[in-house]
**Student:** 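Take a look at this one; I'll ask things after.
What you are looking at is a predicted structure, and each value in this text was computed from that prediction instead of being measured.
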Amino acid sequence: QVQLVESGGGLVQAGGSLRLSCAASGRTFSDSAMGWFRQAPGKEREFVAAINRSGTRTYYADSVKGRFTISRDNAKNTVYLQMNSLTPEDTAVYYCAADLWGTGDSNSQQYESWGQGTQLDVSS
């Protein structure tokens with residue numbers, strides 16, 4: 001399994017931007033599709049975005065399409081989530097996850113490795 005550590009969360013005003021990073025350790029990062037998920041207080045974890053192993057295909061939840069961009073740098077073993085036009089509804093703990101040999105999936109059950117999460121708070 002790959003070990004994942006998220007960073008970049010914090011407090012931002014509505015309309016602002018933030019970029020999350022997820023650093024992976026281990027040899028299997030480039031063999032893994034990567035996903036971002038989030039969990040708001042009192043809600044279930046939900047899919048945000050995913051990217052395939054080569055970074056050529058990306059997938060987004062409807063709620064973030066056009067505002068968030070997922071990308072990866074396999075040379076740096078890092079996946080990113082650029083978040084623009086943030087709203088208070090984006091407030092959540094954001095998790096990155098790895099799906100070894102996957103193609104990019106919105107189903108959290110497909111992912112074997114998870115980070116500890118990073119908190120994003122968007123103020124109105």
**Student:** Ignoring hydrogens, what is the shortest heavy-atom contact between Gly104 and Ala33? Give both atom names and the distance.
**Tutor:**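 That closest heavy-atom pairing would be N-CB, 3.3 Å.
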
**Student:** Taking atom OG of Ser32 and atom CG of Asn74, what is their separation to the nearest 0.5 Å?
**Tutor:**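 So the gap between those two atoms works out to 9.5 Å.
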
**Student:** Using the side-chain contact (heavy atoms from CB on, under 4.5 Å) rule, pick out the option among Ser124, Ser123, Pro88 that qualifies with Gln13.
**Tutor:**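 Per the side-chain contact (heavy atoms from CB on, under 4.5 Å) rule, the option paired with Gln13 is Ser123, out of Ser124, Ser123, Pro88.
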
**Student:** State the CG-OG1 distance between Leu81 and Thr118, to the nearest 0.5 angstrom.
**Tutor:**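 Answer rounded to 0.5 Å: 11.0 Å.
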
**Student:** To the nearest 0.5 Å, what is the distance between CG (Asn77) and SG (Cys22)?
**Tutor:**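 Between Asn77 CG and Cys22 SG, I get 10.0 Å after rounding to 0.5 Å.
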
**Student:** Please confirm whether Tyr111 and Phe37 have ring centers closer than 6.0 angstrom.
**Tutor:**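 Yes; Phe37 has its ring centre under 6.0 Å from that of Tyr111.
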
**Student:** Hey, is the main chain of Leu20 close enough, under 3.5 Å, to the side chain of Glu6 for a donor-acceptor pair?
**Tutor:**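 Side chain of Glu6 to backbone of Leu20, a donor-acceptor pair under 3.5 Å: no, none is there.
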
**Student:** Are the side chain of Gln39 and the backbone N or O of Ala92 linked by a donor-acceptor pair below 3.5 Å?
**Tutor:**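 Here the side-chain-to-backbone pair does not exist.
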
**Student:** Side chains of Ile70 and Tyr59, heavy atoms from C-beta outward: is any pair under 4.5 Å?
**Tutor:**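 When only atoms from C-beta onward are counted, Tyr59 and Ile70 do not touch, as no gap falls below 4.5 Å.
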
**Student:** What's the shortest heavy-atom distance between Val93 and Gly117, and which atoms?
**Tutor:**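 Minimum heavy-atom separation between Val93 and Gly117: CG1-CA, 3.8 Å.
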
**Student:** Mind checking whether Asp99 and Glu112 have side chains closer than 4.5 Å, heavy atoms only?
**Tutor:**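 When only atoms from C-beta onward are counted, Glu112 and Asp99 do touch, with a gap below 4.5 Å.
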
**Student:** Within 45° of the ring axis of Phe29 and under 6.0 Å from its six-membered ring centre, is that where the NZ or CZ of Arg72 lies?
**Tutor:**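 Positive - Arg72 is close enough to the ring of Phe29 and near enough to its axis.
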
**Student:** How far apart are the closest heavy atoms of Ala49 and Tyr60, and which atoms are they?
**Tutor:**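 Closest pair (atom of Ala49, atom of Tyr60, distance): CB-CD2, 3.6 Å.
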
**Student:** Check whether the side chains of Asp121 and Thr91 place a donor and an acceptor atom closer than 3.5 Å, and report yes or no.
**Tutor:**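 Per modelled atom types, Asp121 and Thr91 side chains form no pair under 3.5 Å.
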
**Student:** For the side chain of Thr56 and the backbone of Ser54, is there at least one donor-acceptor N/O pair under 3.5 Å apart?
**Tutor:**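 No, Thr56 side chain to Ser54 backbone: no donor-acceptor pair under 3.5 Å.
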
**Student:** Give, for atom CZ of Phe68 and atom OG of Ser63, the distance between the pair rounded to the nearest 0.5 Å.
**Tutor:**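 One finds 7.5 Å between CZ of Phe68 and OG of Ser63.
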
**Student:** Quick one: does Arg53's side chain have a donor or acceptor within less than 3.5 Å of a partner on Gly102's backbone?
**Tutor:**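 It does hold such a pair.
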
**Student:** Quick one: does Met34's side chain get under 4.5 Å of Leu4's, heavy atoms only?
**Tutor:**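 Yes, their side chains come closer than 4.5 Å.
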
**Student:** What distance do Asp90 atom CG and Arg67 atom CZ have between them, rounded to the nearest 0.5 Å?
**Tutor:**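 Between atom CG of Asp90 and atom CZ of Arg67 there are 4.0 Å.
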
**Student:** Can you check whether Leu120 reaches Arg38 side chain to side chain, under 4.5 Å on heavy atoms?
**Tutor:**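 They are not in side-chain contact.
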
**Student:** Can you tell me how far the CH2 atom of Trp114 sits from the OG atom of Ser108, to the nearest 0.5 Å?
**Tutor:**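 So the CH2 of Trp114 and the OG of Ser108 are separated by 5.0 Å.
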
**Student:** Could you walk me through whether Asn52 and Thr103 satisfy the side-chain hydrogen bond (donor to acceptor under 3.5 Å, both in side chains) test, starting with their C-alpha distance in whole Å, then the side-chain angles of each, then the deciding distance to 0.1 Å, before giving a yes or no?
**Tutor:** CA-CA 5 Å; Asn52 68 347; Thr103 57; over 6 Å; no

**Student:** Yes or no on side chain to side chain contact (heavy atoms under 4.5 Å, CB included) for Asn107 and Phe47, after CA distance, side-chain angles and deciding distance?
**Tutor:** CA-CA 7 Å; Asn107 182 1; Phe47 169 73; over 6 Å; no

